[in-house]
Visitor: 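Quick one: the structure is below, questions incoming.
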Number of protein chains: 2
Amino acid sequence: MEINGCPGFKFAGVAAGIKKSGDKDLGIIFSEVPASVAGVFTTNRIQAAPVLLDKERIRSGMGQAVIVNSGNANCCNGEQGMQDALTMSGRAASGLNLSEQMVLVASTGVIGQPLPIEKIEGAIADLINALHPDGLPDFAEAIMTTDTVPKIVERKGELDDKVFTVTGVAKGSGMIRPDMATLLCFVMTDVAASPAFLQDALRTAAERSFNRITIDGDTSTNDTALLMANGLSQIKLDNAHRIEAFQTILDDVLLELAKRLVKDGEGATKLIEIIIKGALSDRDARQIADTVAHSNLLKTAFFGEDANWGRILAAAGRAGVPLEADCIDVYFDDVQMVKNGLGCGQEAEAQATQVLKKSEFRVTVDLKRGKGNASVFTCDFSIDYVKINADYRS
Amino acid sequence: MEINGCPGFKFAGVAAGIKKSGDKDLGIIFSEVPASVAGVFTTNRIQAAPVLLDKERIRSGMGQAVIVNSGNANCCNGEQGMQDALTMSGRAASGLNLSEQMVLVASTGVIGQPLPIEKIEGAIADLINALHPDGLPDFAEAIMTTDTVPKIVERKGELDDKVFTVTGVAKGSGMIRPDMATLLCFVMTDVAASPAFLQDALRTAAERSFNRITIDGDTSTNDTALLMANGLSQIKLDNAHRIEAFQTILDDVLLELAKRLVKDGEGATKLIEIIIKGALSDRDARQIADTVAHSNLLKTAFFGEDANWGRILAAAGRAGVPLEADCIDVYFDDVQMVKNGLGCGQEAEAQATQVLKKSEFRVTVDLKRGKGNASVFTCDFSIDYVKINADYRS
C-alpha cells in the first residue's frame, strides 16, 4: 500500500556518526500543530533515560516532536544519561522553536555506553533542515539497529465523508517479548482526540499486536510506543462508532507492524502464528501460546524445517496449565499432525514438512477442553541469531 | 577420581539398534539385593510412559533393577507406549528372575515415535549376560543422546570406621531447565536407609543441584532421577550426624553431575555460575538468577566472549523483582565491570574479556539491598546449539 505520510507531520533522518557503519542514526518527527500524545513503555525495571523522561513529559498529554537516535540505548548511564537526554530534546526544541516540554526522546542500541551527545548536537541543524512530509523513509532508516528493513504501515479510514490517516513506523529485531510495547514505535494520526482517549486506544492496540509477538524472549530497557494525534482531519472521536472505526484502523496498523518486526527478527527466516484453541480460559490459552512461542527447541526445529511436534507438546506441558495429552490435536496450517495426542503418521509428516518450508505458516494446538483461545506470533531461531548476538558490540 | 562402582550393583550397556548410529542405546542397573528406592520426576504435564510407570512403582519403596533406553523417549505414544514400557520391564524382570514390580524403566530421545520394542526384546538376553560390577561406563554410554561425554561421579564417605559409596550416573544435554530433576540420573549407594528418608535426601540434593542448572530453558517430558540404597555397607542412617554425612556426599555427587551436564550442554563451550547477592530475599535472588541464566541474548554474548554487561542488567530488570539500577555492581570472576549501575571503563572491560575466554567463570551481580542470595549454573548459546536442534531428528 502506498505511503503518503500523515497530513501535518514532517520527518527526517540523517547520519550523525553514532553508528560505526556510517548509516543514518538520528531521526525526528515534527507535528505542525501541537498534538495530543499517548505512550506505552517497557515494563523492564531497568529503564533508559529517554523512557524516564518521556513518561514524565507525556503526563501533559501534549507534544509536538520526537527525536530518536539508534546505535546507543542511553541506558545505564546514570545522571549523565538523563543530562544527555535533556540536551537532545533541548537542542531539538531550540531548532524547532518549541518549548522543551513538547519534545519527546527515544534511543535504541547498545546499553551502558555513554551517548555521544556532541555528535547529536552537531547533526541537529542538518536534521531539522531536512524535515519534510516525504521524510518518513529516512526516519524509518535512522531508527534501525539490527533490523534489515525499515517498517512503515499506513492505513486510511473514512468517517462522515472525511478521511483520516494512521501512519506507523517501528523498529525492533531483538530483545522482543510480549510484555508491553517491546520496541520503538511511533504512530501519527490526524484525528482529534483527547490524550486520555489516545492512551486507551494505544494500550488496547498494543495489547492486540506488540504484546502478542516474541522473537527471543528478552525485554528491552528502551521500549517506547508513542501515538500523536493532530486533529487536522477535523474528525472528532466523540462517539462509539467513530471510536471503534479509529480503533480498528489503529489495531490494523500496529498488528501489521508487529508482524513485520517478527518477520525481520534477528536471524529469522519464518513468521509463525501459534494458535491455542480449546483451553479452559483465554488466560490458560495465552500462557501455553507464550511458552510454545518461546521454546528454543521448537524454534530451532522450525529453522531446520523439522515437523518435530513432540517439542510442541513438551513446551505446552511445561506452561503450568493442566493438560490432557490424549485430547490434544496439532495442525500445521491445515495439515493435522497429531490426533488425540498421537502422531498422524508419515504421510501427514511429509505434508507438514512442506508447510514448514513456507516463510509464513500457522501452528494450531487444539486442547479440546473448553473455549479459551489465544494467538501469538513468533519466528524461527537460526544460526544467524547467534552470530548477530555473539558479535553485536564488535 | 577413580570410579569403582558402588558395592552390590552391576551394570551393562549394549547396542540394540534403536539409535540410527549403531551406538549403545540400552542399559541396565541391577542390585544384587532388594534396595530402598526414591525418585523425583519431571514436572511437565506431558509425561512419558516410563515416568508414569515409575511413579506408580516407587510407591512400594523397593526396587532391584532399572532398564533404560536412549534414542526414543516413549512419550506421546498413548496406550501402546505404556504397553511397551510394561513389556520392557517385564522382559528384564524375567531375565533377572525378579518380580516385575521391582524393575523400573526410563527412556530418553525423540518424542512421539513408537518405541521399537522388538529391538529391545531382542537385545535383553545379551544385556543381562553383560551385567558386571565394572559395566558402569557401558551403561553411561547407553543412556546418552546428544551428550558428547558420559557422566559418572563417585564419592566415598566414612562413618564409624565403615566406608560408604555414592555413585551417580546421568545424561542430559538439552531440554534442561531448573524445574525438578531435568534429566536422567541414577544414583546407587550402599547405605541402609528407609525409602522415606531416601526420598527426602534425593529431593534435597536435586534442589541443590539439578534444580540450579539451565541449558536451554525447556523441560523434558522424561526427567527421572532415581536413588537406590542396598544397605551392604551396614551403615544405617539412623541419627542426625550420619544423615548429614550422607547428605553432604549425595549433594556433592549430584552437584558435580549437574555441572557436567551444563558443561556438556548442547553446543555449550562454557560453564558459567550466575551468582546474585544482596537481594531482599533468597527467592528474589533466585528469580533474578534464573532470568539472567535463561537470557538468550546474554548466552549468545558469552559465546561471542563479549563482556556485554548491559544484557545482564536488562535481564535482571525483567525478572519481576524490584531493582535499583544505581545500586548494582557486576563482577566477572573478580573483575568489577559495573559499579553502582555504571560501567567501570575500558580497562575493566579488557580484563573481563580475558575472563570470558575461560571455559568456566562466575558472574556475580550484587544488588546491595538485602541478604538474599542465589546461584545457578548456565552455559553459553552457540551456533552448534542451533545446528544440533535444527537437525535433531534427521
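Each chain gets a letter, A, B and so on, in the order the sequences are listed, and its residues count up from 1.
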Visitor: Pick from B:D384, B:N77, B:V321: which one has the most heavy-atom pairs with chain A under 4.5 Å?
Guide: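 Most heavy-atom pairs within the cutoff with chain A belong to B:V321.
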Visitor: Relative to chain A, which segment of B:P114 carries a heavy atom at a distance below 4.5 Å: side chain, backbone, both, or neither?
Guide: neither
Visitor: Does any non-hydrogen side-chain atom of B:N296 lie less than 4.5 Å from one of A:N296?
Guide: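 A:N296 vs B:N296: side chains touch.
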Visitor: Which heavy atom of B:L342 sits nearest to which heavy atom of A:G78, and what is that distance?
Guide: CD2-N, 3.3 Å
Visitor: Rounded to the nearest 0.5 Å, what's the gap from NE2 on B:H294 to NE2 on A:H294? Could you check?
Guide: 12.5 Å
Visitor: Could you walk me through whether B:L323 and A:I46 pass the side-chain contact (heavy atoms from CB on, under 4.5 Å) test, one step at a time?
Guide: CA-CA 7 Å; B:L323 278 188; A:I46 308 283; 3.9 Å; yes
Visitor: Supply the atom-to-atom distance A:D326 CG to B:C76 SG, rounded to the nearest 0.5 angstrom.
Guide: 10.0 Å
Visitor: For A:E79, which residues count as a salt bridge (charged side-chain N to carboxylate O under 4.0 Å, His left out) partner, sequence neighbours excluded?
Guide: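 A:E79 satisfies salt bridge (charged side-chain N to carboxylate O under 4.0 Å, His left out) with no other residue.
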Visitor: Which residues pass the salt bridge (charged side-chain N to carboxylate O under 4.0 Å, His left out) test with A:K19, not counting sequence neighbours?
Guide: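 Salt bridge (charged side-chain N to carboxylate O under 4.0 Å, His left out) list for A:K19, sorted by chain: empty.
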